[in-house]
Every structure is written in structure tokens, then in C-alpha cells.
Amino acid sequence: MKVLVAIKRVIDYNVKVRVKADNSDVDLANVKMAMNPFCEIAVEEAVRLKESGVASEVVVVSVGSKSCEEQIRAAMALGADRGIRIDAEDGPDSLSVAKLLAKVVEQEQPGLVILGKQAIDSDNNQTGQMLAALLNRPQGTFASEVKVEGEQVIVTREIDGGLQTVALDMPAIVTTDLRLNEPRYAKLPDIMKAKRKPLEVKAPADYGVTVASKLSLVSVELPATRQAGIKVASVDELIDKLRNEAKVI
Ligand code: AMP
């Protein structure tokens with residue numbers, strides 16, 4: 001069984017995000033980029049399925065500019081076998097990405113498609129769901145456990161206040177949550193080996209898809225900066241301030 005993993009290049013999660021002076025977008029100048037953390041978890045899960053003999057091949061796909069080949073190579077260093085980059089301006093909208101992924105699925109015929117539950121830049125949390133709808137295939141979102149049993153994949157989902165387990169007929173779409181696994185670090189020999197693994201570059205037109213967003217970004221603002229706190233000398237003073245200054249009790 002083949003596993004297809006969709007990965008996105010995003011701002012590294014350690015970076016303090018800046019906004020452009022005109023509030024038109026996030027400022028990406030000289031900012032460290034990385035693989036979306038939920039996509040790293042997706043790659044790790046696919047590689048584990050291969051290591052346990054369940055999967056025969058792991059293919060990673062990313063939609064974006066040439067720079068996202070860095071993240072495709074990173075996924076191959078973690079154990080993916082080959083990569084596909086579909087050339088597009090960075091930050092394509094989720095529906096275009098889902099339409100392109102649907103075409104890749106038609107061509108590659110994977111048993112399982114694994115995506116992150118959300119990209120930490122746009123926080124959309126919709127590409128996996130859109131892909132499942134376009135393909136008319138079952139989806140197991142927010143997965144904290146994935147087990148392949150015969151023709152089905154058993155997905156434990158993190159839902160509000162608990163866990164839900166679903167059995168999906170394959171081919172199926174799975175999106176990863178934080179607790180699914182802890183991704184490994186790439187070893188130097190694997191980083192070197194990844195440079196020689198096949199990476200195909202395609203255009204959206206090769207799949208008959210036009211990347212055109214139906215939404216435009218109006219403005220981006222940073223959260224309001226927190227006011228400095230104060231220290232109080234006693235519980236009585238605290239209660240007094242809460243009652244008479246903050247008026248919250
Ligand atoms: P989103 O719906 O944008 O929050 O993204 C959810 C998941 O969809 C990501 O974790 C990726 O697995 C996948 N995805 C989103 N954008 C892209 C992209 N440009 N290329 C490949 N996969 C993507």
C-alpha cells in the first residue's frame with residue numbers, strides 16, 4: 001500500500017511573527033521557514049507504517065514555490081521515498097490545494113492520504129476535509145492513533161472532552177493531531193541520501209487545475225500587547241483591587 005503525505009512550508013513555530021507595516025500580510029522577509037509541525041507528524045506516521053511493513057512506499061507532495069523543495073527533502077530525510085512539488089505561488093488557498101491533491105490521488109492511487117490537521121500559518125483546518133469531499137472518500141480527522149487492519153484504517157480521533165474511534169474503508173483521508181506521534185530528527189546520512197531521492201516538479205495545468213483563490217486577505221493585525229502586571233503585598237489588597245479597580249468580583 002502506498003501512503004501519500006501532503007506537507008506545507010510555513011513559518012517556523014519558534015519564530016515571533018511580524019506583520020508588514022501596512023498590515024497587508026505577515027512579513028516573511030528573512031524569516032526562518034520549516035515544515036508545518038502537523039505535517040511532520042504526518043510524515044512520521046507514514047514512515048512508521050512503512051517500517052512496520054504496512055506501507056510499501058511513502059510519497060510526499062507539496063504545493064508551492066521552489067523554496068518548498070527544502071521541506072520535501074526534509075521529509076525524504078525522515079524516510080519518505082519520493083516527492084512531488086506542484087509549482088504555485090506560496091500560500092495557495094485550501095480548495096486549490098485540495099483539488100490538486102485529489103488529482104495526485106487519482107494518479108498515485110494511495111491506500112491512505114495523511115495531512116496535518118491544520119497549517120500553523122493560516123490555521124485553516126480544512127484541506128483534508130475538502131480533499132475527502134472531493135474524492136468522496138471517508139475521513140478521520142484529528143487522529144491520535146492510526147491502525148491499518150485489512151482493508152480498513154482504524155482512527156482514534158481527539159474530540160472535545162474525549163476520544164472517538166472510527167473505522168474507515170480505504171482509500172481514506174487522515175489528518176494528524178499533536179499526540180499521534182513524536183517525529184524523529186533526521187540523521188546526517190539520511191539528509192545526504194535524501195538529496196538523491198526523486199523529486200518531480202509539476203504544474204497545476206498538468207492536472208487541469210487553476211490555482212485561483214476566491215478569497216482575498218483584507219488585513220493582518222498582531223494581538224494587542226498585554227499590559228504590565230503589578231505585585232500586591234497581601235490577599236486583602238488583591239481582593240480590594242479585584243473588587244474596586246478591576247470590578248470583577
Ligand atoms: P490547512 O487546511 O491549510 O490548515 O492545512 C491542513 C493540511 O493540509 C496541512 O497540514 C497539509 O498537510 C495540507 N496542506 C495545506 N496547504 C498545503 C500545500 N500548499 N501543499 C501541500 N499540502 C498542504
Side-chain angles (χ1 to χ4, degrees), residues 3-13 25-26 28 33-47 58-76 78 80 82-105 107-108 110 112-135 137 139-144 146 155 157-158 172-181 183 199-204 206-207 209-215 217 220:
V3 181
L4 185 74
V5 185
I7 62 166
K8 189 177 186 191
R9 174 182 167 91
V10 297
I11 293 186
D12 187 284
Y13 73 94
D25 207 341
V26 168
L28 292 180
M33 304 293 283
M35 196 189 314
N36 179 44
F38 293 107
C39 300
E40 272 190 344
I41 295 171
V43 172
E44 176 67 35
E45 195 63 20
V47 171
V58 177
V59 182
V60 287
V61 55
S62 191
V63 183
S65 68
K66 186 162 174 56
S67 48
C68 72
E69 289 182 15
E70 194 189 329
Q71 279 62 49
I72 297 178
R73 293 281 174 210
M76 294 197 286
L78 294 174
R82 61 187 169 92
I84 303 168
R85 176 175 72 84
I86 305 174
D87 191 47
E89 272 184 36
D90 287 321
D93 69 298
S94 302
L95 186 56
S96 302
V97 174
K99 283 181 182 168
L100 287 165
L101 293 176
K103 293 289 180 187
V104 177
V105 170
Q107 274 188 5
E108 297 281 344
L112 206 56
V113 187
I114 314 184
L115 304 90
K117 75 165 178 182
Q118 75 194 63
I120 61 163
D121 52 0
S122 52
D123 269 350
N124 283 346
N125 179 2
Q126 57 192 13
T127 309
Q129 294 88 327
M130 285 174 165
L131 177 64
L134 289 172
L135 293 170
R137 295 305 312 167
Q139 56 180 299
T141 49
F142 317 121
S144 64
V146 172
V155 179
R157 308 182 55 230
E158 299 210 358
I173 316 300
V174 169
T175 74
T176 62
D177 216 322
L178 212 53
R179 276 163 285 268
L180 179 58
N181 61 48
L199 197 170
E200 215 180 337
V201 181
K202 299 282 220 173
D206 297 337
Y207 299 102
V209 173
T210 312
V211 177
S213 181
K214 289 192 173 59
L215 63 89
L217 187 56
V220 177

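No experiment lies behind these values; they were computed from the predicted model shown. Both counts, for ligands and for their atoms, begin at 1 and track the order of listing.
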Counting non-hydrogen protein atoms only, what is the nearest one to [atom]? Give residue, atom name and distance.
atom                    : value
atom 23 (C) of ligand 1 : Val97 CG1, 3.8 Å
atom 19 (N) of ligand 1 : Val63 O, 2.9 Å
atom 7 (C) of ligand 1  : Gly116 O, 3.3 Å
atom 16 (N) of ligand 1 : Lys8 CD, 3.3 Å

Practice problem: From the options Ile84, Val61, Leu100, select the one residue that forms a side-chain contact (heavy atoms from CB on, under 4.5 Å) with Lys202. | Solution: Ile84
Quiz prompt | side-chain contact (heavy atoms from CB on, under 4.5 Å) partner of Val43, the single match among Thr176, Ile114, Val58, Val5 | solution = Val5
Residue portion contacting ligand 1 (non-hydrogen atoms closer than 4.0 Å) for [X]:
X      : value
Thr175 : neither
Thr127 : both
Leu101 : neither

Within the 4.0 Å heavy-atom shell around [X], which atoms of ligand 1 are there?
X      : value
Ala6   : 11 (C), 12 (O), 22 (N)
Ser62  : 20 (N), 21 (C)
Leu115 : 8 (O), 12 (O), 13 (C)
Asn124 : 1 (P), 2 (O), 3 (O), 4 (O)
Pro92  : 19 (N)
Gln126 : 2 (O)
Ala119 : 1 (P), 3 (O), 4 (O), 5 (O), 6 (C)
Ile7   : 20 (N), 21 (C), 22 (N)

Quiz item: Strictly under 4.0 Å, does any heavy atom of Cys39 approach an atom of ligand 1?
Solution: yes
Self-check item: Heavy atom of Ser94, distance to ligand 1 below 4.0 Å
Solution: yes
Taking distance alone, with N or O pairs closer than 3.5 Å, would you say [X] contacts ligand 1?
X      : result
Gly128 : no
Asn36  : yes
Asp123 : no

Using every non-hydrogen atom in the two residues, find where [X] and [Y] come nearest and quote the distance to one decimal.
X     : Y      : answer
Ser96 : Val209 : O-CG1, 4.4 Å
Pro92 : Val211 : CB-CG1, 4.1 Å
Arg85 : Cys68  : CD-SG, 3.7 Å

Quiz item: Under 4.5 Å between any side-chain heavy atoms of Lys99 and Tyr207, yes or no?
Solution: no
Quiz item: Is there side-chain contact between Thr127 and Lys8, with heavy atoms separated by less than 4.5 Å?
Solution: no
Quiz item: For Gly64, does its backbone N or O pair with a side-chain atom of Asp90 as donor and acceptor, under 3.5 Å?
Solution: no
Exercise. Say whether, by atom type as modelled, one donor and one acceptor occur between the side chain of Arg157 and the main chain of Thr141 under 3.5 angstrom.
Key: yes
Exercise. Mind checking the CG-CG spacing from Asn36 to Asp12? Nearest 0.5 Å is all I need.
Key: 11.0 Å
Exercise. Measure the CZ-CG distance between Arg9 and Asp121 for me, rounded to the nearest 0.5 Å.
Key: 11.5 Å
Exercise. Give a yes-or-no answer on whether the side chains of Ser144 and Asp177 include a donor-acceptor pair shorter than 3.5 Å.
Key: no
